[in-house]
Amino acid sequence: WETSIAPSLRMVLPVRRFYLNAEGGLEFLKYYDIDEDDTTDWFVGAAVGADFPGGLSFKVADRQEDVYLPATQEFGAGEDFTQNNLTATVAYAVSASLRLELFGLRKTFTYDISDDRDRVESSGRAVLYWKFRPEISALFEGSYEAFNYDSNTAQDNSSTEVVLGVTWEFTTKSTGFAKAGYQWKSYDAQD
């Protein structure tokens, strides 16, 4: 049994086409039987974006959080780490039936003790949507992801993925997608 209390605050400031979001919060987690797993985590974040006439929009967001790894966890037990997520998204409606989205993400992990787990995860994704019916779109997606460790460089790796799929929105409350593709993954050290 556990009790979780997670107060948070979000502020949204729309200014014409632009908007600014700011958020922050805490999470207190109390276990009834395992006191060493009790945690206090926090996060802060902000985002700015805009929607322009003609179908162009963008969003840039950053979120910093502090996480405690429970003492009963197999790896890194009882350790704190910080994670920073920086994201950027650009979307453009080429026409009424064709839309392009570009997405970039950079995650930085910094551990208090386990320096060999410090790393930067970078990824990029491009998705082309073709709406061939009012509620159904086909999609073509390509993505790349790279893991770069500060000291444990034998774990450095990257992957590339190509996907075809379909998305649908039958009602404003009913959406879904299905996709399939192929992924290549390689490690810098091939041991």
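Atom CD of Glu145 sits about 8.0 Å away from atom CD of Gln183, to the nearest 0.5 Å. Atom CG of Asp116 is separated from atom OH of Tyr111 by 9.5 Å, given to the nearest 0.5 angstrom. In this structure, CZ on Arg117 lies 11.5 Å from CG on Asp112, to the nearest 0.5 angstrom. Separation of atoms OG1 (Thr82) and CG (Asp118) is listed at 8.5 Å; rounding is to 0.5 Å. For the atom pair OG (Ser123) and CZ (Arg125), the distance works out to 7.5 Å, reported to the nearest 0.5 Å. Note that the CG atom of Asp37 and the OH atom of Tyr68 stand 6.0 Å from one another [nearest 0.5 Å].
In this structure, Arg99 satisfies the cation-pi test against Tyr129, with its NZ or CZ atom closer than 6.0 Å to the six-membered ring centre and inside 45 degrees of the ring normal.
Placement of Val48 and Val44 in two distinct hydrophobic clusters is found when ILVMFWY residues are connected by side-chain heavy-atom separations under 4.5 Å, directly or transitively. Hydrophobic clustering of Ile, Leu, Val, Met, Phe, Trp and Tyr side chains at less than 4.5 Å, counting indirect connections, unites Leu98 with Ile136. Hydrophobic cluster membership differs between Phe43 and Met11, with clusters built from Ile, Leu, Val, Met, Phe, Trp and Tyr side chains linked at under 4.5 angstrom. Tracing side-chain contacts under 4.5 Å through hydrophobic residues (I, L, V, M, F, W, Y), one reaches Leu128 starting from Phe58; they form part of the same cluster. Cluster annotation: Val127 is not connected to Leu100 through the hydrophobic network of ILVMFWY side chains, with a link wherever side-chain heavy atoms come within less than 4.5 Å.
Heavy-atom minimum distance, Thr40 versus Asp66: O-OD2, 4.3 Å. Considering every non-hydrogen atom in both Leu29 and Ser4, the closest pair reads CD1-CB, 3.7 Å. Nearest heavy-atom pair across Trp42 and Gln64 is CZ3-O, 3.7 Å. In plain terms, the two heavy atoms of Ala178 and Trp168 that are nearest each other are N-CZ3, 3.8 Å. Between Phe132 and Ala138 the shortest heavy-atom distance is CE2-N, 3.6 Å. Between Val90 and Leu56, the shortest heavy-atom contact is CG1-CD1, 4.1 Å.
More than 12 heavy atoms of other residues, nucleotides or ligands sit less than 6.0 Å from atom CZ of Phe52. By the 6.0 Å contact criterion, CG on Asp35 is enclosed, its count of non-hydrogen atoms from other residues, nucleotides or ligands being greater than 12.
Side chains of Leu20 and Val15 form no contact here, defined as non-hydrogen atoms less than 4.5 Å apart. Inter-residue side-chain proximity for Asp62 and Asn84 is flagged as met; some heavy-atom pair is nearer than 4.5 Å. A heavy-atom distance below 4.5 Å is not found between the side chains of Phe103 and Lys59. Using a 4.5 Å cut-off on side-chain heavy atoms (C-beta onward), Pro53 and Arg17 make contact.
Comment: Lys30 engages Asp38 in a salt bridge, judged by a side-chain N to carboxylate O separation of less than 4.0 angstrom.
No hydrogens or angles considered: nothing links the side chains of Tyr31 and Thr39 as a donor-acceptor pair under 3.5 Å. No hydrogens or angles considered: a donor-acceptor pair under 3.5 Å links the side chains of Gln83 and Asn85. Checked by atom type, the side-chain pair Glu101/Thr89 shows no donor-acceptor distance below 3.5 Å.
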For a quick test of your reading: what N or O donor-acceptor pairs under 3.5 Å do the side chains of residues 150-164 make, sequence neighbours left out?
unit_1	atom_1	unit_2	atom_2	d
Asp156	OD1	Tyr149	N	2.6
Asn157	ND2	Gln155	O	2.8

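The aromatic rings of Phe81 and Phe109 sit tilted relative to each other, their planes meeting at an angle between 30° and 60°.
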